[in-house]
Amino acid sequence: MAHPARFTYHSWTQPFGRPVSTPYTFAHSAYCAALAETYGHLAAGEESGVNVAVAGRVMLLRSQGRLAFATMRDSTGEIQLFALESMTRDFENFTKLHLGDWVGVHGEVVRTKRGELSVKVARFELLAEARRNFGDKWAGIADYDLRYRHREADLWANDVTRVSLARRSALVRALRERCWAAGFMEVETPILNAIPTGAAARPFVTYHQALGSEFYLRIAPELWLKRLVVGGFERVFELGRVFRNEGVSPRHNPEFTMLELYAAYWNYEDMMAFTEELVTGAVVDVLGTTRVTYQGREIDFTTPWARRPMAELASEAVGEAVSVHTSRERLAQLLTERDVEVHPSWGAGRCLAELFEATCESDLWNPTFVTQYPVEVSPLARRHPQDHELTERFESFLAGRELSNGFSELTDPQDQRERFEDQARLAAAGDDEAMRIDEDYIKALEWGLPPTAGLGVGVDRLAMVIADASNLREVIAFPTLKPIREDQ
RNA sequence: GCGCCGGUAGCUCAAUUGGCAGAGCAUUUGACUCUUAAUCAACAGGUUCCGGGUUCAAGUCCCGGCCGGCGCACCA
């Protein structure tokens, strides 16, 4: 769609005059869904004797001489409007309403002879006119470009959009309420960061005029949240946007919503238990079941979720025992055999993680915890007591995609400094996603971080599953799109 | 960033091997006292995404660009 949609001006000149003068308020008294419930008992042709004031958009209009029917929708549902020349003030203009116009209607709740619950219009007001139409009244709007750039129209034109975004909202609410219920305090941490940290990702860069400094949009709130734990807030969470300057795909948006939470005195086992309870609980809150059909295939959220060490899964996939202690050469060879390019800077740990991703990740359909991540790919996680090349870390996978990431937090400032230095060496070697040394964070650890476990959940990914969406953009109200160049 | 596919009326979509750009809905006008995507009749509506090229002739073929979808890469 290179051209913006052209205006379709309706000529209101005859019925309403121009400019149309619309009211500043409407004394609304009832919603469609409530009317359907309250007056469901009315028989065909029966009148309730009750007057209501409803408002919404005209979705359909059937004008038939000296009577007319309209279908009006509000945020809760639809109801029919029934107008009669003999009963309706300004009937002539009612028949000239346009699809998409906002109207406020006063009238009696009745059921028509043909059995449709209706508001018999005594009088109505045009609250706002629709100067553009909302697409084909049967087919809606199909053009992705128009749907994503103008979600306000898509929401009226396509039921699936309304349902998907409503489910996302319900999910966010459920996650938040479950965190509150578990004693987590909701906090907010900076989005403008002097150092991008807490994850491995290329950041967005911006600039503050008065401070004369560059800032990075956060790629994760992780380190700030742990500093709050150092400060004595033992359970904190943040539900907010993070920004990663990476490719866009059906499963990646440059800005996305992350839930991160930290609990003092927990380890990663405790956090896995909480993750199950949180995610499965939220799914049940929204959908009322633990068995969800996603893209035609069932996902079973029933707890406990499977728990599998990364090395075990990778070994099964390649048909031989591999681990973080397998020689780098052998792991690299296995990767090369699978057409994965091995970078010189990768050690055995990174190779094992890559091997797992290449062979196992996309097959993990039901929610599954993968545990025991190599230290090399986990610069903020605490070492596993039985094997110091591994960490007490897990990621959960769902429908073949990463859903969450959690671990026992590294609390030793000296170890943390060395991990950062390893990352800095990767950055120097050209890895623009490696972490940078965050001296303030090391200083925070020197004040003492108690044993703590942390979790990050990709909210958009979970919303996709709950909305049965194959594309992330279906659960983001306004996904990031390339701006249309004006010179075209 | 690379590859494949797509962009035609406000919306949804047609258009044969290159041969007069169409339909439904919406809009406008008219008919109609129980409709349900109401129905019926009529009018109007086009830079076929943009810019070049080939050709007697381009929506269609070629080149470049814009935007989108999907795949790959990237995303621990």
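Per chain, numbering begins at 1; letters A, B, ... match sequence-line order.
- Residues passing the side-chain contact (heavy atoms from CB on, under 4.5 Å) test with A:Ser63, sequence neighbours excluded: A:Ala68, A:Thr95.
- Close to B:C70, at under 4.0 Å from its OP1 or OP2, lies a side-chain N or O of A:Arg473.
- Between A:Tyr373 and A:Tyr268, the gap from one ring centroid to the other reaches at least 6.0 Å.
- With sequence neighbours excluded, the residues that form a side chain to side chain donor-acceptor pair (under 3.5 Å) with A:Ser378 are A:Arg393.
- Separation of the C1' atoms belonging to B:C63 and B:U54 is 11 Å when rounded to the nearest angstrom.
- Atom CZ of A:Phe69 and atom P of B:U33 are 11 Å apart (whole Å).
- On a pure distance criterion of 3.5 Å, no polar donor-acceptor pair joins the side chain of A:Asp145 and the base of B:G68.
- With distances taken from any side-chain atom of A:Pro250 to the nucleotides B:G71, B:A76, B:U12, the minimum falls on B:G71.
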Pair up each side-chain donor or acceptor in residues 454-477 of chain A with any protein partner under 3.5 Å, not counting sequence neighbours, and list the distances.
{"residue": "A:Asp460", "atom": "OD1", "partner": "A:Thr257", "partner atom": "N", "Å": "2.7"}
{"residue": "A:Asp460", "atom": "OD2", "partner": "A:Arg168", "partner atom": "NH1", "Å": "3.1"}
{"residue": "A:Asp460", "atom": "OD2", "partner": "A:Arg168", "partner atom": "NH2", "Å": "3.0"}
{"residue": "A:Arg461", "atom": "NE", "partner": "A:Arg251", "partner atom": "O", "Å": "3.2"}
{"residue": "A:Arg461", "atom": "NH1", "partner": "A:Glu402", "partner atom": "O", "Å": "3.1"}
{"residue": "A:Arg461", "atom": "NH2", "partner": "A:Arg251", "partner atom": "O", "Å": "3.1"}
{"residue": "A:Asp468", "atom": "OD1", "partner": "A:Gln295", "partner atom": "N", "Å": "2.6"}
{"residue": "A:Asp468", "atom": "OD1", "partner": "A:Gln295", "partner atom": "NE2", "Å": "3.1"}
{"residue": "A:Asn471", "atom": "OD1", "partner": "A:Arg473", "partner atom": "N", "Å": "2.7"}
{"residue": "A:Glu474", "atom": "OE1", "partner": "A:Arg147", "partner atom": "NH2", "Å": "2.8"}
{"residue": "A:Glu474", "atom": "OE2", "partner": "A:Arg147", "partner atom": "NH1", "Å": "3.2"}
{"residue": "A:Glu474", "atom": "OE2", "partner": "A:Tyr148", "partner atom": "OH", "Å": "2.9"}

Could I get a table of every N or O pair under 3.5 Å where one atom is in the protein and the other is in nucleotides 42-45 of chain B?
none

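- The phosphate of B:C70 (OP1 or OP2) has a side-chain N or O of A:Asn471 nearer than 4.0 angstrom.
- Identified under the salt bridge (Lys or Arg N to Asp or Glu O under 4.0 Å) test for residues 339-350 of chain A, with sequence neighbours left out: A:Arg350-A:Glu354.
- Among the protein residues, A:Pro254 comes within range of no part of the nucleic acid, since none of its heavy atoms lies under 4.0 Å from any strand.
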Pairs under 3.5 angstrom, nitrogen or oxygen only, protein versus nucleotides 38-40 of chain B, please.
{"residue": "B:A38", "atom": "OP1", "partner": "A:Lys137", "partner atom": "NZ", "Å": "2.7"}
{"residue": "B:A38", "atom": "OP2", "partner": "A:Arg62", "partner atom": "NH1", "Å": "2.9"}
{"residue": "B:A38", "atom": "N6", "partner": "A:Ser63", "partner atom": "O", "Å": "3.1"}

